[in-house]
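To find a chain, count down the sequence lines: A is the first, B the second, and so on, and within it residues start at 1. Hydrogens, waters and symmetry mates play no part in the numbers below; they use all other heavy atoms, side chains included. It should be emphasised that the depicted structure is a prediction, and the values quoted were computed from it without experimental measurement.
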Protein chains: 2
Amino acid sequence: MFSSDLKRGSMDLFVLSALDGRSRHGYDIGKVLEVRSGGQLQLPVSTLYSTLYRMEDRGWIKGRWVEKGGERRRCFYTLTPAGQTALHTQRQEWAAFAAMVTLVIGAGHAGLGDVAE
Amino acid sequence: MFSSDLKRGSMDLFVLSALDGRSRHGYDIGKVLEVRSGGQLQLPVSTLYSTLYRMEDRGWIKGRWVEKGGERRRCFYTLTPAGQTALHTQRQEWAAFAAMVTLVIGAGHAGLGDVAE
DNA sequence: TTGACATATATCGTCAGACGAAGTATCGTC
DNA sequence: GACGATACTTCGTCTGACGATATATGTCAA
């Protein structure tokens, strides 16, 4: 749907957001993001899991294996305090970035009166 | 200012936007983007020129060398018809992506009543 | 009961692209 | 003539998204 390059800067934020307020296992994170986006955001599993492993390495999330009888084994991830901070920081950074992009690419620049004419 | 990963999906759009309505040389593109963003967007020259070369390879922009007497040599880039189309498409894609991200990462999901509870 | 499909995770290799570093060259100015 | 701004080039590195492939269990229908 959206290009890999576009997603590149937001993958962590997607996962962080999905884990805001409750723990989830990897597969569930993918599903939740798909639902929340109205089907627009479909993350390949390889992307999803590699993102999860990277984030756990960074200490933003913590995985916990659950193997209840009669159920598949799943790893439930939870935000660490560092992850909470990262979520907060990245939400703000994203808003600032989006505002900046809108400003820079806005159609209001074309034609006369341009910068450094 | 902003992370490389965040910029990754928007570099082409930045350059395309800078060339919307008039041709510019590489160094100028960098300066214009910096000014338009209020100093927030500072592109390393290596990033800027490699983006330009890639885009010319794709046929989105066309360079023309100008060597007027008493001036430095400069390559002025202009949008091709394909570049115009790409600009239009990418502006729309960016808006759609930003809306999707806002929807997905919005703070309105935390706590009760969540998806797939 | 078998076959298909959803659930659930792991690992590997490839590819694109942002960037730092280092280099070349011209122009103005102090 | 040294310095800083202008202007472009090339190379190597690193990160991260993704396709492919593998493994295994649960559910449901023919």
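Between the CG atom of A/Leu43 and the CD atom of A/Glu34 there is a distance of 8.5 Å, given to the nearest 0.5 Å. Of the inter-residue distances, the one linking A/Leu13 atom CG with A/Trp94 atom CH2 reads 8.5 Å to the nearest 0.5 angstrom. For the atom pair OG (B/Ser37) and CE (A/Met100), the distance works out to 6.0 Å, reported to the nearest 0.5 Å.
Taking atom CG of residue A/Leu41 and atom C1' of nucleotide D/dC18, one finds them 14 Å apart after rounding to whole Å. Nucleotide C/dA18 holds its C1' atom 13 Å from the CZ atom of B/Phe14, rounded to whole Å. Counting to the nearest Å, the C1' atom of C/dT7 and the CZ atom of A/Arg73 are 13 Å from each other. A straight line from CD of B/Glu34 to P of D/dA5 spans 12 Å, rounded to a whole angstrom. For A/Trp65 and C/dT9, the CH2 to P distance is 6 Å, given to the nearest whole Å. If you measure from atom CD of B/Glu67 to atom C1' of C/dT26, you get 11 Å, rounded to the nearest angstrom. Separating the CZ atom of A/Phe97 from the P atom of C/dA18 is a distance of 11 Å, rounded to the nearest angstrom. Taking atom CG on B/Leu52 and atom P on D/dT10, their separation rounds to 13 Å, with Å as the unit.
Using a 4.0 Å cut-off between charged side-chain N and carboxylate O, A/Arg58 and A/Asp12 make a salt bridge. Between A/Arg91 and A/Asp20, at least one side-chain N (NZ, or NE/NH1/NH2) sits under 4.0 Å from a carboxylate O, which counts as a salt bridge.
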Could you pull out the protein-nucleic contacts involving nucleotides 11-16 of chain C (nitrogen or oxygen on both sides, under 3.5 Å)?
{"residue": "C/dA16", "atom": "N3", "partner": "B/Arg8", "partner atom": "NH2", "Å": "2.8"}

Measure all distances between protein nitrogen or oxygen atoms and nitrogen or oxygen atoms of nucleotides 25-27 of chain D, and list the pairs falling under 3.5 Å.
{"residue": "D/dT25", "atom": "O2", "partner": "A/Arg72", "partner atom": "NE", "Å": "3.1"}
{"residue": "D/dG26", "atom": "O4'", "partner": "A/Arg72", "partner atom": "NH2", "Å": "3.0"}

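The partner of C/dA21 is D/dT10, judged by Watson-Crick or G-U wobble contacts that both fall below 3.5 Å.
Position along DNA chain D of the nearest nucleotide to B/Cys75 versus A/Gln42 favours B/Cys75 as the more 5'-ward residue.
Counting heavy atoms from C-beta outward, A/Leu48 and A/Tyr27 have side chains that stay 4.5 Å or more apart. Under the 4.5 Å side-chain criterion, counting only non-hydrogen atoms from C-beta, A/Arg64 is in contact with A/Ser23. Using a 4.5 Å heavy-atom cutoff, the side chains of B/Glu56 and B/Tyr77 are in contact.
Between C/dC19 and B/Lys7, a contact under 4.0 Å exists linking OP1 or OP2 to a side-chain N or O. In this model, the phosphate group of D/dC18 is approached by a side-chain N or O of A/Thr47 to a distance below 4.0 Å at OP1 or OP2. Between B/Ser4 and C/dG17 there is no side-chain polar atom (N or O) within less than 4.0 angstrom of OP1 or OP2.
Relative to the side chain of A/Pro44, the nucleotides C/dT9, D/dC18, D/dA5 differ in distance, and D/dC18 lies closest. The side chain of B/Met11 lies closest to C/dA18 when the candidates are D/dT6, C/dA18, C/dG20.
With respect to B/Phe76, the side chain to side chain contact (heavy atoms under 4.5 Å, CB included) criterion is satisfied by exactly one of B/Ile61, B/Leu19, B/Val66: B/Val66.
When all heavy atoms are compared, the tightest approach of A/Trp65 to A/Arg74 is CE3-O, 3.3 Å.
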